[in-house]
Amino acid sequence: MREVRELIDLLVERHTLSLGQYEELVGSYTPELAEYAAKRAVAARRVVYGDDVFIRGLIEISSYCRNDCLYCGLRRSNQSAERYRLSPETILACCERGYELGFRTFVLQGGEDAALADTLLCKIVSAIKAAHPDCAVTLSLGERTRASYQALFDAGADRYLLRHETADHAHYARLHPSELTLEHRLTCLRDLLEIGYQVGCGFMVGSPGQTASTLAKDLKLVEELRPAMCGIGPFVPHHATPFAGEPAGSVALTCYLLSLLRLIEPSLLLPATTALGTLDEHGRERGMLAGANVVMPNLSPMDVRKKYELYDNKAHAGSEAAEGLAELRRSMGEIGCRVVVDRGDVRRR
Ligand code: SAH
Ligand code: SF4
């Protein structure tokens, strides 16, 4: 046990470990080790961000998707999924409401919807930036061409979230149909970084076929890619996917990995995700206590929230909703954190 703790101390000091050392850290998980990692992670976060919690208003702009990721309820083979697409006017109205509530970042997320062409998206992004020049716009719309990413950046988009899902090729192939590859996912991430976005990668915890060895590769990728953000959350099965009967990922392991990510890169923007809040009513607080510093309440119109069903029972009410911001402020306050009105940009060392 003492030796494994020493690996955590080494990570605090050097922000790098070998693949084998990451694998040992992940494989040696115990509640005690996680508690130690969390203590060091919160201290590391405090140096860069204090106890500030950044909030992002999540607007789920389309549930159409041309892809067929095996884990996701929006996959094209799921004929029972309800499909919708928000109009530009509705998206702008969501931002308007969000601004009044105190959001200074809007995240436009959706499936890979062919109808979301560059011209339309650029119009939406520039309209949001014109209405709210003090806000950041984050896009999370999957794999697009480099030219498309460039056009959206030129239109004013500041950040892009594209989880790599797993940094292991064979594992990637188990989670996706053959037309989707880790290689292409990484090309997209590198394009986004080169263009100048604040980029977020990330992965699910407990996805079918995941091991300590694949997780070690995920940690190493974050260390090497140096993204501004990293979104991780437990895998949660969806009833109408091939992974329907699989067990959900572990909240405790997710929190431990949040701590390790914080120690790899103290300036990382790390959300305590909706999936964490879905599996555990105190999941987001637990995430913060492990070193996270971002939450992304749902700002989508009420009538579409149920339809954006990535996984079963996805939380979208209470403090998971933008309307529950007062409750979020209170629950974060109880654990010594403070929800701030701020764009919440990355603070590089
Ligand atoms: N289509 C875009 C964005 C929407 S999906 C994209 O794929 O990048 C956003 C994220 O939801 C995915 O990156 C994936 O990590 C997560 N997700 C999908 N299905 C999930 C599930 N069953 N459990 C947990 N997370 C899931
Ligand atoms: Fe589509 Fe994203 Fe779901 Fe894959 S994870 S099916 S790309 S919405």
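Whatever order the structure lists ligands and atoms in, that order sets their numbers, starting from 1. Treat the numbers as computed from the prediction; the structure is a model and nothing was measured.
- The side-chain heavy atoms of Y49 and V346, taken from C-beta on, include a pair separated by under 4.5 Å.
- Atoms of ligand 1 lying under 4.0 Å from at least one heavy atom of P234, given by number and element, are 24 (C).
- Counting heavy atoms from C-beta outward, L221 and H164 have side chains that approach closer than 4.5 Å.
- Close to ligand 1: G110, with a non-hydrogen atom less than 4.0 angstrom away.
- Nearest protein neighbour of atom 7 (S) of ligand 2, counting heavy atoms only, is N67 ND2, 3.5 Å.
- Of the protein's non-hydrogen atoms, C65 SG, 2.3 Å is the one closest to atom 1 (Fe) of ligand 2.
- Close contacts of ligand 1 with S140, meaning ligand atoms under 4.0 Å from a residue heavy atom, involve 3 (C).
- Under a 4.0 Å heavy-atom criterion, R185 is in contact with ligand 1.
- Residues D154 and Y149 bring no donor and acceptor atom of their side chains to less than 3.5 Å of each other.
- The nearest heavy-atom contact from the protein to atom 12 (C) of ligand 1 is E165 OE2, 3.3 Å.
- Residue-ligand proximity, R163 to ligand 1, at heavy-atom distances under 4.0 Å covers atoms 13 (O), 14 (C), 15 (O), 16 (C).
- In this structure, D113 does not pair ionically with R66, as no charged nitrogen and carboxylate oxygen lie closer than 4.0 Å.
- Interface of F235 with ligand 1, defined as ligand atoms under 4.0 Å from a residue heavy atom, comprises 22 (N), 23 (N), 24 (C).
- Residue E112 places no N or O, backbone or side chain, under 3.5 Å from any N or O of ligand 1.
- Residue contacts with ligand 1 leave out H238, since none of its heavy atoms falls under 4.0 Å from the ligand.
- Using a 4.0 angstrom heavy-atom cutoff, S207 does not count as in contact with ligand 1.
- Residue V236 places at least one N or O, backbone or side chain, under 3.5 Å from an N or O of ligand 1.
- Shown in contact with Y308 at under 4.0 Å from a heavy atom are these atoms of ligand 1, numbered in order with element: 4 (C).
- For the residue pair Y160 / Q198, no side-chain donor-acceptor distance below 3.5 Å is found, with atom types taken as modelled.
- Atoms of ligand 1 lying under 4.0 Å from any heavy atom of Q109, numbered from 1 in the order shown and given with element: 3 (C), 4 (C), 9 (C).
- Aromatic pair Y99/H132: centroids less than 6.0 angstrom apart.
- Checked against the 6.0 Å centroid criterion, the rings of Y29 and Y256 qualify as a close aromatic pair.
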